[in-house]
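Working notes, beginning with the structure itself.
Letters go in sequence order (proteins before strands), and every chain restarts at 1. In this text, all values refer to a predicted model and were calculated from it rather than measured experimentally.
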2 protein chains.
Amino acid sequence: MSKMLKDIIENNQNYQPGLSIDCVIFGFHDNQLKVLLIKVQRNSKWSLPGGFIPIDEDIDTAAVTVLNDRTGVDGIFLRQFATFGKVNRNDQHFDEKVLEYLQVEEAKGKWLLRRFVTIGYYALVDFLKIIPKPSNENEIVEWIDHKEVPELILDHKEILEKALDTLRTELNLMPIGYNLLPEKFTMPELQKLYETILDKKLDRRNFLRKITNIGILKKLDEKKSNVAHKAPNLYSFDKEKYDEVLKNGLNQGW
Amino acid sequence: MSKMLKDIIENNQNYQPGLSIDCVIFGFHDNQLKVLLIKVQRNSKWSLPGGFIPIDEDIDTAAVTVLNDRTGVDGIFLRQFATFGKVNRNDQHFDEKVLEYLQVEEAKGKWLLRRFVTIGYYALVDFLKIIPKPSNENEIVEWIDHKEVPELILDHKEILEKALDTLRTELNLMPIGYNLLPEKFTMPELQKLYETILDKKLDRRNFLRKITNIGILKKLDEKKSNVAHKAPNLYSFDKEKYDEVLKNGLNQGW
DNA sequence: AGTACATTGCGTCATAATAACACATTTAAA
DNA sequence: TTTAAATGTGTTATTATGACGCAATGTACT
């Protein structure tokens, strides 16, 4: 932090006051659903990557910037899911000591001390295509298994939980693998992705039938190599049909 | 407006800057899905009821206040669904002329002229229990059929559409009638509610079977009186089971 | 009073989706 | 060569869904 944050505080008239963005960036690797977390060295707790909103940018655009800053990619699945604004949510986060440390004027510093409402976005990214990028030299950026996320700052744990909850619901409304898996993948991998998100075992054969019937998969004439046991077939998504289902939704219900 | 808005502007340090709340309040009557809209006389366009966020209130609490101000009820279904923050969303809404009219100092007035990000909430209320209440003497509050909503200010039409879209999706995830219908209701009424929200005809007999199987209805030993044709049976919700389904969700999907 | 008509209540039947499970095949490792 | 673990491809019973049929009820009209 520091230089960048100091710049923002001193030019706070260029940013939307009292409003921030936090991103829950999901990736899938080693059969684990991972979350990209950051740590500012000075601080002992991990947090979600976030940022402020330039007054001349749409909030969605600002969210893309946050994502892009940390992952170096864009054109990815990024979706707003909730806004958090409890009165005390960022009490005791930044205080006078921080402002003193940053050497900003008291008047300017007040901008940072008030209640910040934060808009939560979640992103689905291809783990292998991302190189976690600290946005400055003191920042640590890491993928952490969602089951082993340590204590986070402020209400970030609540934000993460809500994102995961949203993801679970969306799983019933749309396909999601395209954003989280590599170009080619196996059926067990896709199933494991679903199982990990839902935290629930699924029957292998029933899963195959159901996911196949959606009509978004292409079975490739190729098997995964260098694997223990029988080599599983490779699949890829039929992007055109995938997008169609994304648009129209899965379960019509009524 | 006016007195109240002027007060807010002059005491803007008591409100979250650049942030507002807009409520899409749904009611059901005469087989129509209605939306509660307001009109400030000076202005020719209708708008969603909204408000600002006191710095010492949670955003959810502020939303309850907005709802309560216009309907006089609380303890109702109220849910945040999205946050809107395009850069130009409130350009040309309030301008210098308004501030002049309100006779507020220019410095204070600037608070109102910047981009406001608005948090959208939607509410489901029992039409008959609500008495639309103007929050001041110049305000007009009215129920308007969602199919006949005229042009609205700013991006309020977009906000309304998004709320309706969310409601349609939620219909597949949870039951909703409890909040929109009176204590006792008929099966055709409940079905019409679903048809109106979904904008789609449903088969009467299949609807009965499906809604009954959810297990949230109590068939009363009573028929609706004063109706043309055969008197339909009355139903009410089994609140305990209803809440259980609300919590656990309808379609498990996977 | 008698009849037409709209609406309700309670079904059926064919088809599709889902849950539970069986068995042969492939491959690495013992 | 055998074993164990995983994959590929089924079957069967049950349940859910979509598309209808028909008698009963009550209003409105002649």
>> Given D:dG18, C:dT25, C:dT8, identify the nucleotide with an atom nearest to the side chain of A:Lys230.
In response: C:dT25
>> Can you identify which nucleotide, out of D:dT9, D:dG26, C:dT12, has its nearest atom closest to the A:Arg204 side chain?
In response: D:dT9
> C:dA17 P sits how many Å from A:Ile211 CD1, rounded?
Replying inline: 15 Å
> Got a donor-acceptor pair under 3.5 Å from the side chain of B:Asn206 to the base of D:dA19?
Replying inline: yes
> Between C:dA6, C:dC13, C:dT27, which one does the side chain of B:Arg209 approach most closely?
Replying inline: C:dC13
> Is any side-chain N or O of A:Lys219 closer than 4.0 Å to OP1 or OP2 of D:dT9?
Replying inline: yes
> Once you round it to whole Å, what is the distance between P of C:dT18 and NZ of A:Lys200?
Replying inline: 12 Å
> How close or far is atom C1' of C:dT7 from atom NZ of B:Lys201, stated in whole angstroms?
Replying inline: 13 Å
> Rounded to the nearest Å, what distance is computed from the CG atom of residue B:Asn226 to the P atom of nucleotide D:dT27?
Replying inline: 9 Å
> Where the side chain of A:Asn233 is concerned, which of D:dG18, D:dG8, C:dC21 is the nearest nucleotide?
Replying inline: D:dG8
> Roughly, in whole Å, what's the span from CG in A:Asn213 to C1' in C:dT15?
Replying inline: 14 Å
> Going by heavy atoms in the side chains, are B:Val245 and B:Pro175 under 4.5 Å from each other?
Replying inline: yes
> Under 4.0 angstrom, heavy atoms only, what part of the nucleic acid is A:Lys224 near: base, sugar-phosphate, or nothing?
Replying inline: nothing
> Closer to the 5' end of DNA chain C via nearest nucleotide, is it A:Asp203 or A:Ala228?
Replying inline: A:Asp203
> Any side-chain N or O of A:Lys210 less than 4.0 Å from the OP1 or OP2 oxygen of C:dA17?
Replying inline: no
>> If I take atom CZ in residue A:Phe207 and atom C1' in nucleotide C:dC21, what distance separates them, rounded to the nearest angstrom?
In response: 19 Å
> Would the number of heavy atoms belonging to other residues, nucleotides or ligands and lying under 6.0 Å from NZ of A:Lys162 be above 12?
Replying inline: no
> Where the side chain of A:Arg205 is concerned, which of D:dA5, C:dC13, C:dC21 is the nearest nucleotide?
Replying inline: C:dC21
>> Quick check on B:Lys133: does its NZ atom have over 12 non-hydrogen neighbours (other residues, nucleotides or ligands) under 6.0 Å away?
In response: yes
> Aromatic rings A:Trp143 and A:Phe127: how do their planes relate, parallel, tilted or perpendicular, breaks at 30° and 60°?
Replying inline: tilted
>> Taking the nucleotide of DNA chain D with the nearest heavy atom to each, does A:His229 or A:Met187 sit closer to the 5' end?
In response: A:His229
> What's the CG-P distance between A:Leu220 and D:dT7, to the nearest Å?
Replying inline: 17 Å
> Does B:Tyr235 or A:Lys223 map to a spot on DNA chain C nearer the 5' end, using the closest nucleotide for each?
Replying inline: B:Tyr235
>> Between P on D:dT15 and CD1 on B:Ile214, what's the gap in Å once rounded to a whole number?
In response: 18 Å
> Do the two ring centres, one from B:Phe237 and one from B:Tyr242, sit under 6.0 Å apart?
Replying inline: yes
